[in-house]
Amino acid sequence: MSKDYYEVLGVAKGASGEEIKKAYRKLAMKYHPDRNPDDKDAEAAFKECTESYEVLSDEKKRQIYDTYGHEGLKNSGYSGPGNFDDVFSSFGDIFGDLFGFGGGRTRSRRGGPVPGNDLRYDVTISFMDAVHGVSKEVELNRRDTCWTCEGSGCRPGHSRQTCPSCNGRGQVIRSQGFFQVSSTCPQCQGEGDLITDPCSDCGGSGLVQKSKHVAIKIPAGVDHGAKMRLRGEGEGGRKGGPSGDLYVVVHVEEHDFFKREGDIIYVKLPVTMVSAALGATVEIPTVHGKRKIDIAPGSQSGEILTLKNEGVPHLRGSGRGNMLVELQVLTPTNLCDEQVKILREFDSLCEEHGQHEEREGFFARLFNDVMGRNGKETKNGR
(Lines give C-alpha, C1' and ligand atoms only; values in the text may rest on other atoms or scores of the structure.)
Protein backbone atom coordinates (compact mmCIF):
# COMPACT_ATOMS: atom_id res chain seq x y z
CA MET A 1 0.00 0.00 0.00
CA SER A 2 1.35 3.43 -0.95
CA LYS A 3 -1.12 5.57 1.03
CA ASP A 4 0.09 7.47 4.07
CA TYR A 5 -0.64 5.35 7.15
CA TYR A 6 -1.47 8.37 9.29
CA GLU A 7 -3.96 9.64 6.72
CA VAL A 8 -5.61 6.22 6.46
CA LEU A 9 -6.26 6.15 10.21
CA GLY A 10 -7.04 9.88 10.33
CA VAL A 11 -4.47 10.70 13.05
CA ALA A 12 -1.62 13.16 13.33
CA LYS A 13 2.00 12.02 13.00
CA GLY A 14 2.57 12.68 16.68
CA ALA A 15 -0.47 10.64 17.76
CA SER A 16 -0.10 8.47 20.83
CA GLY A 17 -0.46 4.70 20.77
CA GLU A 18 -3.88 4.95 22.42
CA GLU A 19 -5.07 7.47 19.82
CA ILE A 20 -3.89 5.17 17.01
CA LYS A 21 -5.63 2.19 18.59
CA LYS A 22 -8.86 4.15 19.07
CA ALA A 23 -8.84 5.31 15.43
CA TYR A 24 -8.23 1.78 14.18
CA ARG A 25 -11.02 0.32 16.33
CA LYS A 26 -13.47 2.80 14.78
CA LEU A 27 -12.42 2.01 11.20
CA ALA A 28 -12.28 -1.76 11.81
CA MET A 29 -15.85 -1.72 13.07
CA LYS A 30 -16.97 0.24 10.00
CA TYR A 31 -15.21 -1.83 7.32
CA HIS A 32 -15.03 -5.31 8.87
CA PRO A 33 -15.98 -8.03 6.29
CA ASP A 34 -18.56 -9.57 8.64
CA ARG A 35 -20.43 -6.26 8.62
CA ASN A 36 -19.96 -5.74 4.85
CA PRO A 37 -20.38 -9.13 3.15
CA ASP A 38 -19.41 -9.24 -0.55
CA ASP A 39 -18.31 -5.57 -0.44
CA LYS A 40 -14.89 -5.43 -2.12
CA ASP A 41 -14.41 -1.73 -1.36
CA ALA A 42 -15.01 -2.29 2.35
CA GLU A 43 -12.64 -5.26 2.32
CA ALA A 44 -9.92 -3.15 0.70
CA ALA A 45 -10.46 -0.35 3.23
CA PHE A 46 -10.29 -2.87 6.08
CA LYS A 47 -6.95 -4.17 4.81
CA GLU A 48 -5.61 -0.62 4.47
CA CYS A 49 -6.47 0.42 8.01
CA THR A 50 -5.21 -2.92 9.40
CA GLU A 51 -1.85 -2.53 7.67
CA SER A 52 -1.63 1.06 8.90
CA TYR A 53 -2.37 0.01 12.47
CA GLU A 54 0.11 -2.89 12.41
CA VAL A 55 2.92 -0.53 11.44
CA LEU A 56 2.02 2.47 13.61
CA SER A 57 1.26 0.39 16.71
CA ASP A 58 4.72 -1.21 16.57
CA GLU A 59 7.38 1.16 17.85
CA LYS A 60 10.21 -0.19 15.66
CA LYS A 61 8.13 -0.37 12.48
CA ARG A 62 6.76 3.10 13.09
CA GLN A 63 10.25 4.52 13.57
CA ILE A 64 11.43 3.02 10.27
CA TYR A 65 8.29 4.24 8.48
CA ASP A 66 8.67 7.78 9.86
CA THR A 67 12.31 7.87 8.74
CA TYR A 68 12.35 5.93 5.46
CA GLY A 69 8.69 5.55 4.47
CA HIS A 70 7.23 2.53 2.70
CA GLU A 71 10.51 1.69 0.99
CA GLY A 72 12.23 1.38 4.34
CA LEU A 73 9.63 -1.08 5.58
CA LYS A 74 9.93 -3.11 2.41
CA ASN A 75 13.72 -3.31 2.74
CA SER A 76 13.34 -4.45 6.35
CA GLY A 77 11.27 -7.43 5.24
CA TYR A 78 7.77 -6.21 6.13
CA SER A 79 5.18 -7.38 3.56
CA GLY A 80 1.85 -6.47 5.15
CA PRO A 81 -0.50 -8.08 7.66
CA GLY A 82 -1.22 -11.21 5.57
CA ASN A 83 -4.61 -12.91 5.61
CA PHE A 84 -7.53 -12.28 7.95
CA ASP A 85 -6.58 -15.14 10.26
CA ASP A 86 -3.21 -13.46 10.86
CA VAL A 87 -5.03 -10.22 11.59
CA PHE A 88 -7.26 -11.88 14.20
CA SER A 89 -4.28 -13.62 15.71
CA SER A 90 -2.35 -10.37 16.08
CA PHE A 91 -5.20 -8.11 17.16
CA GLY A 92 -7.56 -10.58 18.87
CA ASP A 93 -8.07 -8.26 21.85
CA ILE A 94 -9.42 -5.50 19.61
CA PHE A 95 -11.77 -7.74 17.63
CA GLY A 96 -12.93 -9.49 20.77
CA ASP A 97 -14.06 -6.13 22.16
CA LEU A 98 -15.66 -5.11 18.88
CA PHE A 99 -17.55 -8.26 17.93
CA GLY A 100 -18.07 -10.02 21.24
CA PHE A 101 -16.14 -13.24 20.73
CA GLY A 102 -13.32 -12.35 23.11
CA GLY A 103 -10.52 -13.37 20.78
CA GLY A 104 -12.25 -16.67 20.01
CA ARG A 105 -10.43 -17.21 16.75
CA THR A 106 -7.10 -16.92 18.48
CA ARG A 107 -8.11 -19.46 21.11
CA SER A 108 -9.48 -21.88 18.53
CA ARG A 109 -6.20 -21.67 16.64
CA ARG A 110 -4.44 -22.59 19.88
CA GLY A 111 -6.29 -25.80 20.57
CA GLY A 112 -9.63 -24.44 21.79
CA PRO A 113 -13.09 -25.56 20.59
CA VAL A 114 -13.66 -25.26 16.83
CA PRO A 115 -17.25 -24.55 15.70
CA GLY A 116 -18.61 -26.51 12.72
CA ASN A 117 -19.16 -24.93 9.32
CA ASP A 118 -22.56 -23.64 8.26
CA LEU A 119 -24.32 -25.52 5.45
CA ARG A 120 -26.86 -24.55 2.77
CA TYR A 121 -29.79 -26.61 1.49
CA ASP A 122 -32.08 -25.58 -1.38
CA VAL A 123 -35.66 -26.85 -1.23
CA THR A 124 -38.33 -26.49 -3.92
CA ILE A 125 -42.03 -26.35 -2.94
CA SER A 126 -45.28 -25.82 -4.82
CA PHE A 127 -47.12 -22.52 -5.03
CA MET A 128 -49.91 -23.80 -2.76
CA ASP A 129 -47.44 -25.17 -0.19
CA ALA A 130 -45.90 -21.71 0.00
CA VAL A 131 -49.33 -20.21 0.70
CA HIS A 132 -50.42 -22.74 3.30
CA GLY A 133 -47.08 -23.90 4.74
CA VAL A 134 -45.63 -27.40 4.64
CA SER A 135 -43.35 -29.71 6.63
CA LYS A 136 -40.62 -31.61 4.82
CA GLU A 137 -38.07 -34.14 5.93
CA VAL A 138 -34.80 -34.03 4.04
CA GLU A 139 -31.74 -36.24 4.15
CA LEU A 140 -28.44 -34.45 4.58
CA ASN A 141 -24.98 -35.87 3.94
CA ARG A 142 -22.62 -33.87 6.13
CA ARG A 143 -19.51 -34.12 8.24
CA ASP A 144 -20.48 -34.61 11.86
CA THR A 145 -18.56 -34.83 15.12
CA CYS A 146 -16.88 -38.22 15.45
CA TRP A 147 -18.65 -40.26 18.13
CA THR A 148 -15.54 -42.30 18.91
CA CYS A 149 -13.20 -39.43 19.81
CA GLU A 150 -15.94 -36.82 20.47
CA GLY A 151 -14.30 -34.50 17.96
CA SER A 152 -10.84 -34.45 19.55
CA GLY A 153 -9.25 -36.42 16.70
CA CYS A 154 -7.32 -38.56 19.18
CA ARG A 155 -7.60 -42.26 19.80
CA PRO A 156 -9.62 -42.90 23.00
CA GLY A 157 -7.36 -42.70 26.04
CA HIS A 158 -4.94 -40.30 24.34
CA SER A 159 -4.79 -36.51 24.10
CA ARG A 160 -3.33 -33.84 21.89
CA GLN A 161 0.29 -32.81 22.59
CA THR A 162 1.65 -29.29 22.63
CA CYS A 163 3.41 -28.48 19.37
CA PRO A 164 7.21 -28.39 20.02
CA SER A 165 7.84 -25.96 17.15
CA CYS A 166 5.67 -23.11 18.45
CA ASN A 167 5.17 -24.19 22.09
CA GLY A 168 1.42 -24.05 21.68
CA ARG A 169 1.26 -20.50 20.27
CA GLY A 170 0.30 -21.55 16.74
CA GLN A 171 2.82 -19.00 15.42
CA VAL A 172 6.54 -19.20 14.79
CA ILE A 173 8.77 -16.13 14.92
CA ARG A 174 11.77 -15.48 12.74
CA SER A 175 14.12 -12.50 12.72
CA GLN A 176 14.61 -10.24 9.70
CA GLY A 177 17.09 -7.52 10.41
CA PHE A 178 15.76 -5.40 13.24
CA PHE A 179 12.34 -7.07 13.11
CA GLN A 180 10.71 -10.24 14.24
CA VAL A 181 8.12 -11.61 11.80
CA SER A 182 5.49 -14.14 12.95
CA SER A 183 3.79 -16.67 10.68
CA THR A 184 1.56 -19.73 11.01
CA CYS A 185 3.38 -22.71 12.44
CA PRO A 186 3.97 -25.18 9.57
CA GLN A 187 4.03 -28.22 11.87
CA CYS A 188 0.67 -27.78 13.64
CA GLN A 189 -0.93 -25.48 11.01
CA GLY A 190 -1.67 -22.89 13.69
CA GLU A 191 -3.51 -25.32 16.01
CA GLY A 192 -0.90 -25.08 18.76
CA ASP A 193 -1.04 -28.83 19.39
CA LEU A 194 -0.49 -32.12 17.58
CA ILE A 195 -2.21 -35.50 17.37
CA THR A 196 0.26 -38.28 18.03
CA ASP A 197 -2.32 -41.11 18.18
CA PRO A 198 -5.11 -40.33 15.71
CA CYS A 199 -8.61 -41.76 16.04
CA SER A 200 -9.06 -44.78 13.76
CA ASP A 201 -12.61 -43.76 12.77
CA CYS A 202 -12.01 -40.16 11.69
CA GLY A 203 -8.26 -40.33 10.96
CA GLY A 204 -7.58 -37.45 13.35
CA SER A 205 -9.92 -34.94 11.71
CA GLY A 206 -12.51 -35.16 14.49
CA LEU A 207 -15.25 -35.42 11.83
CA VAL A 208 -16.89 -38.32 10.01
CA GLN A 209 -19.33 -38.38 7.09
CA LYS A 210 -22.86 -39.06 8.29
CA SER A 211 -26.36 -39.07 6.88
CA LYS A 212 -29.12 -37.42 8.90
CA HIS A 213 -32.82 -36.76 8.40
CA VAL A 214 -33.77 -33.18 9.25
CA ALA A 215 -37.35 -31.92 9.61
CA ILE A 216 -37.96 -28.55 7.95
CA LYS A 217 -41.14 -26.68 8.84
CA ILE A 218 -41.88 -24.06 6.19
CA PRO A 219 -44.37 -21.45 7.46
CA ALA A 220 -47.47 -20.29 5.58
CA GLY A 221 -46.80 -17.21 3.47
CA VAL A 222 -43.15 -17.93 2.67
CA ASP A 223 -42.02 -16.44 -0.63
CA HIS A 224 -39.54 -17.41 -3.33
CA GLY A 225 -35.94 -16.89 -2.22
CA ALA A 226 -36.71 -16.87 1.51
CA LYS A 227 -33.96 -18.15 3.83
CA MET A 228 -34.50 -20.15 7.00
CA ARG A 229 -31.88 -20.82 9.67
CA LEU A 230 -31.84 -24.11 11.59
CA ARG A 231 -29.41 -23.78 14.48
CA GLY A 232 -27.04 -26.66 15.12
CA GLU A 233 -27.99 -28.59 11.98
CA GLY A 234 -24.82 -27.73 10.06
CA GLU A 235 -21.43 -29.43 10.12
CA GLY A 236 -20.27 -30.86 13.45
CA GLY A 237 -17.74 -29.06 15.63
CA ARG A 238 -14.32 -30.26 16.72
CA LYS A 239 -12.63 -30.26 20.12
CA GLY A 240 -15.95 -29.71 21.85
CA GLY A 241 -17.02 -26.88 19.57
CA PRO A 242 -20.71 -26.40 18.67
CA SER A 243 -22.21 -27.55 15.38
CA GLY A 244 -22.73 -25.02 12.61
CA ASP A 245 -26.13 -23.90 11.32
CA LEU A 246 -28.15 -25.05 8.33
CA TYR A 247 -29.48 -22.34 6.00
CA VAL A 248 -32.48 -23.47 3.97
CA VAL A 249 -33.20 -21.49 0.78
CA VAL A 250 -36.80 -21.83 -0.44
CA HIS A 251 -37.69 -21.93 -4.14
CA VAL A 252 -41.40 -21.65 -5.03
CA GLU A 253 -42.80 -23.08 -8.25
CA GLU A 254 -45.09 -20.94 -10.41
CA HIS A 255 -48.84 -21.64 -10.65
CA ASP A 256 -50.79 -21.98 -13.90
CA PHE A 257 -53.72 -19.92 -12.64
CA PHE A 258 -52.60 -17.73 -9.74
CA LYS A 259 -49.86 -15.10 -9.67
CA ARG A 260 -48.42 -13.56 -6.54
CA GLU A 261 -46.84 -10.29 -5.50
CA GLY A 262 -46.07 -10.11 -1.80
CA ASP A 263 -49.25 -11.11 0.04
CA ILE A 264 -51.55 -10.30 -2.90
CA ILE A 265 -52.88 -12.96 -5.29
CA TYR A 266 -53.68 -11.97 -8.89
CA VAL A 267 -55.97 -13.95 -11.18
CA LYS A 268 -57.62 -13.37 -14.57
CA LEU A 269 -61.28 -14.40 -14.78
CA PRO A 270 -62.83 -15.10 -18.20
CA VAL A 271 -66.54 -14.07 -18.41
CA THR A 272 -68.99 -14.27 -21.27
CA MET A 273 -70.11 -11.19 -23.15
CA VAL A 274 -73.66 -11.70 -21.88
CA SER A 275 -72.55 -12.03 -18.23
CA ALA A 276 -70.47 -8.87 -18.55
CA ALA A 277 -73.36 -6.97 -20.14
CA LEU A 278 -76.21 -8.19 -17.90
CA GLY A 279 -74.26 -8.90 -14.72
CA ALA A 280 -73.92 -12.26 -13.01
CA THR A 281 -72.83 -14.10 -9.89
CA VAL A 282 -70.10 -16.64 -10.63
CA GLU A 283 -68.14 -19.11 -8.53
CA ILE A 284 -64.39 -18.63 -8.63
CA PRO A 285 -61.53 -20.71 -7.15
CA THR A 286 -59.21 -19.00 -4.65
CA VAL A 287 -56.14 -20.34 -2.85
CA HIS A 288 -58.43 -20.97 0.14
CA GLY A 289 -61.36 -22.63 -1.70
CA LYS A 290 -64.33 -21.64 -3.85
CA ARG A 291 -65.90 -18.20 -3.45
CA LYS A 292 -68.78 -16.40 -5.18
CA ILE A 293 -68.18 -13.06 -6.85
CA ASP A 294 -70.69 -10.54 -8.26
CA ILE A 295 -70.07 -9.13 -11.73
CA ALA A 296 -71.87 -5.81 -12.19
CA PRO A 297 -73.92 -5.15 -15.37
CA GLY A 298 -71.87 -3.39 -18.04
CA SER A 299 -68.51 -4.68 -16.76
CA GLN A 300 -65.55 -4.26 -19.12
CA SER A 301 -62.37 -6.20 -19.80
CA GLY A 302 -59.55 -5.12 -17.52
CA GLU A 303 -61.77 -4.16 -14.58
CA ILE A 304 -60.40 -5.28 -11.21
CA LEU A 305 -62.55 -6.82 -8.49
CA THR A 306 -61.20 -7.27 -4.95
CA LEU A 307 -61.79 -10.26 -2.71
CA LYS A 308 -60.61 -9.25 0.75
CA ASN A 309 -58.57 -11.66 2.87
CA GLU A 310 -58.35 -14.22 0.06
CA GLY A 311 -54.64 -13.68 -0.53
CA VAL A 312 -51.47 -15.02 1.12
CA PRO A 313 -51.22 -15.21 4.94
CA HIS A 314 -48.96 -12.55 6.40
CA LEU A 315 -45.65 -14.21 7.24
CA ARG A 316 -45.20 -11.92 10.23
CA GLY A 317 -48.41 -11.21 12.06
CA SER A 318 -51.99 -12.33 11.58
CA GLY A 319 -54.41 -11.90 8.69
CA ARG A 320 -54.10 -12.35 4.95
CA GLY A 321 -53.65 -10.23 1.86
CA ASN A 322 -56.31 -9.68 -0.80
CA MET A 323 -57.05 -11.37 -4.10
CA LEU A 324 -57.42 -9.14 -7.16
CA VAL A 325 -59.55 -10.49 -9.98
CA GLU A 326 -59.12 -9.04 -13.49
CA LEU A 327 -62.12 -9.54 -15.78
CA GLN A 328 -61.53 -10.79 -19.31
CA VAL A 329 -64.68 -10.49 -21.44
CA LEU A 330 -64.77 -13.28 -24.03
CA THR A 331 -65.82 -12.52 -27.61
CA PRO A 332 -67.84 -15.43 -29.07
CA THR A 333 -66.41 -17.20 -32.12
CA ASN A 334 -67.65 -19.75 -34.70
CA LEU A 335 -71.14 -18.21 -34.73
CA CYS A 336 -74.04 -19.91 -36.52
CA ASP A 337 -76.26 -17.97 -38.92
CA GLU A 338 -78.95 -17.40 -36.28
CA GLN A 339 -76.40 -16.00 -33.79
CA VAL A 340 -75.01 -13.66 -36.45
CA LYS A 341 -78.55 -12.45 -37.26
CA ILE A 342 -79.34 -11.81 -33.58
CA LEU A 343 -76.10 -9.93 -33.00
CA ARG A 344 -76.65 -7.71 -36.06
CA GLU A 345 -80.15 -6.90 -34.79
CA PHE A 346 -78.65 -6.19 -31.38
CA ASP A 347 -76.07 -3.87 -32.93
CA SER A 348 -78.81 -1.99 -34.80
CA LEU A 349 -80.78 -1.55 -31.58
CA CYS A 350 -77.67 -0.20 -29.86
CA GLU A 351 -77.26 2.39 -32.63
CA GLU A 352 -80.92 3.39 -32.38
CA HIS A 353 -80.54 3.95 -28.64
CA GLY A 354 -77.36 6.03 -29.10
CA GLN A 355 -75.12 3.47 -27.51
CA HIS A 356 -72.48 3.84 -30.27
CA GLU A 357 -72.02 7.55 -29.63
CA GLU A 358 -68.99 7.06 -27.40
CA ARG A 359 -67.28 4.91 -30.03
CA GLU A 360 -68.15 7.34 -32.85
CA GLY A 361 -66.95 10.27 -30.76
CA PHE A 362 -63.64 8.51 -30.17
CA PHE A 363 -63.07 7.95 -33.90
CA ALA A 364 -64.12 11.54 -34.70
CA ARG A 365 -61.57 12.95 -32.24
CA LEU A 366 -58.89 10.59 -33.57
CA PHE A 367 -59.55 11.53 -37.23
CA ASN A 368 -59.55 15.25 -36.41
CA ASP A 369 -56.25 14.90 -34.61
CA VAL A 370 -54.66 12.95 -37.49
CA MET A 371 -56.01 15.26 -40.21
CA GLY A 372 -55.03 18.35 -38.28
CA ARG A 373 -51.50 17.05 -37.82
CA ASN A 374 -51.24 16.12 -41.54
CA GLY A 375 -52.48 19.59 -42.50
CA LYS A 376 -49.77 21.24 -40.39
CA GLU A 377 -47.09 19.05 -41.93
CA THR A 378 -48.26 19.94 -45.47
CA LYS A 379 -48.35 23.67 -44.66
CA ASN A 380 -44.83 23.56 -43.24
CA GLY A 381 -43.57 21.63 -46.27
CA ARG A 382 -42.68 18.57 -44.32
Side-chain angles (χ1 to χ4, degrees), residues 124-132 134 220-224 251-313 319-379 382:
T124 299
I125 61 175
S126 70
F127 185 93
M128 298 301 283
D129 282 343
V131 172
H132 298 290
V134 66
V222 71
D223 207 348
H224 183 79
H251 302 270
V252 180
E253 296 175 334
E254 293 187 357
H255 196 276
D256 294 335
F257 187 61
F258 301 112
K259 301 299 178 184
R260 174 182 175 181
E261 186 174 323
D263 295 338
I264 299 176
I265 295 288
Y266 294 88
V267 64
K268 293 182 178 181
L269 176 64
V271 295
T272 66
M273 183 180 68
V274 175
S275 295
L278 302 180
T281 298
V282 298
E283 198 171 54
I284 180 174
T286 75
V287 293
H288 304 290
K290 294 180 179 180
R291 300 290 185 269
K292 289 185 177 181
I293 187 171
D294 293 326
I295 299 173
S299 294
Q300 306 294 317
S301 280
E303 287 189 19
I304 303 294
L305 305 180
T306 301
L307 290 178
K308 292 186 176 298
N309 301 316
E310 294 295 341
V312 181
R320 300 191 295 226
N322 297 329
M323 177 171 167
L324 301 184
V325 182
E326 181 183 346
L327 300 182
Q328 288 186 314
V329 179
L330 302 177
T331 302
T333 59
N334 301 319
L335 302 176
C336 66
D337 292 341
E338 187 177 357
Q339 289 173 316
V340 172
K341 180 182 177 181
I342 292 173
L343 285 177
R344 291 195 185 281
E345 290 176 355
F346 174 76
D347 190 55
S348 297
L349 287 172
C350 288
E351 188 172 3
E352 288 179 13
H353 288 79
Q355 291 173 318
H356 290 336
E357 289 180 359
E358 184 177 348
R359 182 192 66 178
E360 292 170 355
F362 166 77
F363 282 112
R365 291 192 302 273
L366 179 60
F367 287 142
N368 288 336
D369 180 67
V370 172
M371 295 304 294
R373 187 176 299 276
N374 288 341
K376 289 180 181 179
E377 291 178 354
T378 302
K379 184 176 179 181
R382 290 184 288 178

Inter-residue atom distance [X].[atom1] - [Y].[atom2], 0.5 Å rounding:
| X | Y | atom1 | atom2 | result |
| --- | --- | --- | --- | --- |
| T306 | I293 | OG1 | CD1 | 8.5 Å |
| T286 | I284 | OG1 | CD1 | 8.0 Å |
| I295 | L305 | CD1 | CG | 7.0 Å |
| L269 | L327 | CG | CG | 6.0 Å |
| F127 | H132 | CZ | NE2 | 9.0 Å |

Item to check | Working for side chain to side chain contact (heavy atoms under 4.5 Å, CB included), residues V312 and V287 | outcome: CA-CA 8 Å; V312 181; V287 293; 6.0 Å; no
Tell me the closest heavy-atom pair linking [X] and [Y], and the distance in Å.
| X | Y | result |
| --- | --- | --- |
| S301 | V329 | OG-N, 2.8 Å |
| D263 | P313 | OD1-O, 4.0 Å |
| K268 | F257 | O-CE1, 4.0 Å |
| G311 | H288 | O-NE2, 2.7 Å |

Checklist entry - Got more than 12 heavy atoms from elsewhere within 6.0 Å of CD, E338? => result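 Not more than 12 within 6.0 Å, no.
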Next on the checklist: Is it the case that atom NZ in K341 sees more than 12 heavy atoms from other parts of the structure closer than 6.0 Å?
Outcome noted: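 For K341, atom NZ is not crowded (no more than 12 foreign heavy atoms under 6.0 Å).
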Checklist entry - With sequence neighbours excluded, what pairs up with L335 under the side-chain contact (heavy atoms from CB on, under 4.5 Å) test? => result P332, Q339, V340, L343
Checklist entry - Who passes side-chain contact (heavy atoms from CB on, under 4.5 Å) against T124, sequence neighbours left out? => result H251, E253
Next on the checklist: Can a donor-acceptor pair be found, under 3.5 Å and without considering hydrogens, that links the side chain of R320 to the backbone of N322?
Outcome noted: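 Side chain of R320 to backbone of N322, a donor-acceptor pair under 3.5 Å: no, none is there.
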Checklist entry - V267 and M323: side chain to side chain contact (heavy atoms under 4.5 Å, CB included), yes or no, with the steps? => result CA-CA 8 Å; V267 64; M323 177 171 167; 3.1 Å; yes
